[in-house]
*Asks:* 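Okay, handing you the structure first.
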Amino acid sequence: MAVKLFTNKDVADLLRRVSTVYTINDDSTFRIQAYERASVSIEHLNGEIKDIWEEGKLEEIPGVGKGIANYLDELLRTGKVKHFEKLFKKIPEAVFIFERIQGIGPKKAYSLATNLKITSGKDAVDKLKKAAKTEKIREIEGFGEASEIDILSGIEAYLRGETEEKRLLLFEADMMASEIIDYLKSNNDILEANPLGSLRRMLSTIGDIDISVSTNNPKSTIDHFVKYPKIKQVLSKGEETLVRVILFNGKQIDLRISKPESYGSMLQYFTGSKQHNINLRNYAIKKGLSLSEYGITLAQNAKRKTQNDSEKLKIFRDEVGFYNELGLQWIPPELREGGGEIAAAENKQLPNLVEVMDIKGDLHLHSDFSIEPSHDLGMSSIDVMVKTAIELKYEYLGFTEHNPSVSKHTKDNIINLLKRKKDFIEQYKYSQGNKLPIKILNGLEIDISPKGQLAIPDNGYQYIDYAIVSIHSSLDTPKEEMTKRVLSGLSNTKAKILGHPTGRLLGEREGYQLDWDLVFDFCVKNNKFIEISSWPNRLDLPDYLVKDAVKYNVKLIINTDSHEVSQMLFMKYGVSVARRGWAERKNIINTLPYKELAGILL
DNA sequence: GCCGTTTTCGGCCCGACTGTTTTCAGTCG
């Protein structure tokens with residue numbers, strides 16, 4: 001049994017420290033990278049390292065082999081790794097603090113800590129700041145006035161907490177990037193502008209924002225970009241390929257610039273993911289080709305054989321040409337995660353991913369019609385939301401206010417409230433005559449109580465068309481019990497949809513555990529649907545579970561959970577989650593025309 | 001230290017940028 005509870009982050013940090021020490025010691029770069037890789041891989045694990053260890057599956061983690069697995073086993077058994085302790089002995093604790101400051105890596109951190117005699121981690125940053133202010137750093141070999149100033153501004157950012165990996169929600173990053181892209185496009189020399197990296201792949205959270213542009217005039221592009229009003233500081237500025245800036249909100253933006261004729265190669269290269277590109281490179285090597293951000297060349301070993309025509313770099317205006325050259329279908333960015341997409345593209349078996357245009361309705365909306373709900377009431381009227389849905393060319397939408405609070409109402413009160421809402425919707429439809437080009441459904445979002453009961457009386461169901469059931473309380477219920485609770489809630493005939501199924505809140509809480517095999521199986525057998533919530537800090541069901549659900553043939557529904565009319569536009573984020581989970585139109589029930597949807601929902 | 005449709009050895013990404021250099025090292029992605 002574990003002596004101490006190690007989280008994934010603890011273990012990732014430990015391995016990163018090891019790679020730091022090896023870097024300082026000028027050890028093999030490959031060993032350094034190996035620890036780095038293992039660290040990243042463990043940090044991004046879906047499950048807990050402790051569970052994986054208990055199942056004896058450490059070596060199944062990518063980047064973890066026999067060596068590191070043995071060390072981790074020692075760590076989780078005894079609470080420490082003797083070999084690592086020995087390595088750390090020679091390194092001042094302050095080094096591991098300093099290297100978290102922007103612009104300081106392992107070697108500079110070590111040089112600073114030893115030369116300034118700052119050893120303990122406590123107050124290390126304050127001491128470093130004092131050294132910078134008293135111009136002690138510029139006296140150290142390898143540093144100068146400029147780097148002293150850099151370090152000072154790095155320290156200030158660090159002290160403001162900006163270096164902590166506060167990831168943005170997808171929607172925040174998307175807003176910021178769109179604004180920058182609009183600004184960039186106001187310059188006529190900029191022909192194309194797109195996000196790169198995790199934003200282009202539509203991950204649920206985003207670290208840094210990278211943006212690419214194609215232009216024949218890099219100089220004008222760079223001059224234009226650095227005048228963007230929200231830039232606080234230009235970190236670095238190249239001649240024609242890269243500009244790196246910090247905005248006033250502390251976020252770093254990298255702008256990558258390319259000629260139009262090779263824009264495709266660059267877009268591909270910097271969209272990633274890292275794992276996708278590694279796999280793609282290995283796949284290319286087998287064909288004797290070598291990939292880079294500039295295009296495709298014959299690989300080194302192939303070059304020698306055919307020296308005559310080998311040096312030529314093949315460049316690509318767009319990504320389609322790039323992938324086709326490798327004998328692959330173009331792979332949508334959302335799939336580029338190293339999850340079998342290259343093999344699928346080779347066999348022309350990539351899924352035909354669902355698109356925003358396919359969505360024909362939103363079935364999770366909270367209007368401002370008060371039924372004295374248990375949770376927050378919506379802020380927009382039914383009428384406004386209906387009008388917006390019509391603009392979005394939806395065929396149907398469903399209002400699912402929270403059930404009336406149980407503690408504040410008698411059963412009769414609840415029934416009356418449900419009746420009132422049903423009447424209101426009927427009247428609304430009547431008042432619009434036959435000119436409404438959209439079907440309006442009267443739903444309800446119902447709490448599943450800790451005991452698995454739904455929070456309205458049995459005779460209330462006749463007043464609603466369908467129910468979304470979801471967990472809003474007792475989130476720490478253990479997995480097995482929580483699974484029973486959810487299945488019990490879903491057993492009601494009107495309960496068709498499991499709302500925000502993991503309960504996670506990005507950056508706030510993990511959510512509860514469910515036995516997904518049981519839940520998926522239940523849904524397939526009983527005609528129940530699992531929601532993908534487009535709500536920016538939910539995006540729940542998460543992408544990796546969508547992928548499992550699709551394999552299980554579970555039907556999903558993408559909803560916005562809007563509490564205000566403008567939030568209905570968040571649909572695209574839910575769709576991106578579905579796409580990242582390899583979902584096609586057929587997997588998503590709100591792509592169906594109304595008649596077919598009604599057949600399975602009502 | 002990891003990894004494997006040309007496997008148990010011999011590969012493993014490297015280019016852009018900056019600052020302190022006088023030809024390069026460190027950091028970053």
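Just so we're on the same page: letters track the sequence lines, and every chain starts at 1.
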*Asks:* Counting only non-hydrogen atoms, which of residues 132-144 of chain A are less than 4.0 Å from DNA chain B?
*Replies:*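 Here the set is Gly142(A), Phe143(A), Gly144(A).
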*Asks:* Toward the 5' end of DNA chain B, which comes first, Val64(A) or Tyr269(A), by nearest nucleotide?
*Replies:* Val64(A)
*Asks:* Is it true that Glu148(A) and Arg138(A) have a side-chain N and a carboxylate O under 4.0 angstrom from each other?
*Replies:* yes
*Asks:* Please measure how far the C1' atom in dT27(B) lies from the corresponding atom in dT20(B), and state the result in whole Å.
*Replies:*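 14 Å, rounded to whole Å.
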*Asks:* Phosphate oxygens OP1/OP2 of dC17(B): is one of them under 4.0 Å from a side-chain N or O of Thr241(A)?
*Replies:*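 True: Thr241(A) side-chain N/O within range (under 4.0 Å) of dC17(B) OP1/OP2.
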*Asks:* Do Lys9(A) and Asp13(A) meet the salt-bridge criterion of a basic N to acidic O distance under 4.0 Å?
*Replies:* yes
*Asks:* Please tell me which of the listed nucleotides, dT18(B), dA16(B), dC12(B), lies nearest to the side chain of Leu242(A)?
*Replies:*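 Of the options given, the side chain of Leu242(A) lies nearest dA16(B).
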*Asks:* Does Gln252(A) put a side-chain nitrogen or oxygen below 4.0 Å from OP1 or OP2 of dG29(B)?
*Replies:*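 Result: yes.
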*Asks:* Ser147(A) side chain N/O closer than 4.0 Å to the phosphate oxygens (OP1, OP2) of dT20(B)?
*Replies:*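 Looking at the OP1 and OP2 atoms of dT20(B), one of them is under 4.0 Å from a side-chain N or O of Ser147(A).
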*Asks:* What is the separation between atom NZ on Lys274(A) and atom P on dC14(B), rounded to the nearest whole Å?
*Replies:* 13 Å
*Asks:* Using purine N1 to pyrimidine N3 plus N6-O4 or O6-N4 for Watson-Crick, or N1-O2 and O6-N3 for G-U wobble, each under 3.5 Å, what pairs with dC24(B)?
*Replies:* dG19(B)
*Asks:* Which residues pass the salt bridge (Lys or Arg N to Asp or Glu O under 4.0 Å) test with Glu139(A), sequence neighbours left out?
*Replies:*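 Once residues adjacent in sequence are excluded, Glu139(A) has no partner under the salt bridge (Lys or Arg N to Asp or Glu O under 4.0 Å) criterion.
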*Asks:* Measuring to OP1 and OP2 of dG1(B), would you say a side-chain N or O of Arg37(A) lies under 4.0 angstrom away?
*Replies:* no
*Asks:* Would you say Lys108(A) reaches dG26(B)'s phosphate, i.e. side-chain N/O to OP1/OP2 under 4.0 Å?
*Replies:* no
*Asks:* Output yes when Lys219(A) and Asp223(A) qualify as a salt bridge under the 4.0 Å nitrogen-oxygen rule, no when they do not.
*Replies:*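 Salt bridge flag = yes for Asp223(A) with Lys219(A).
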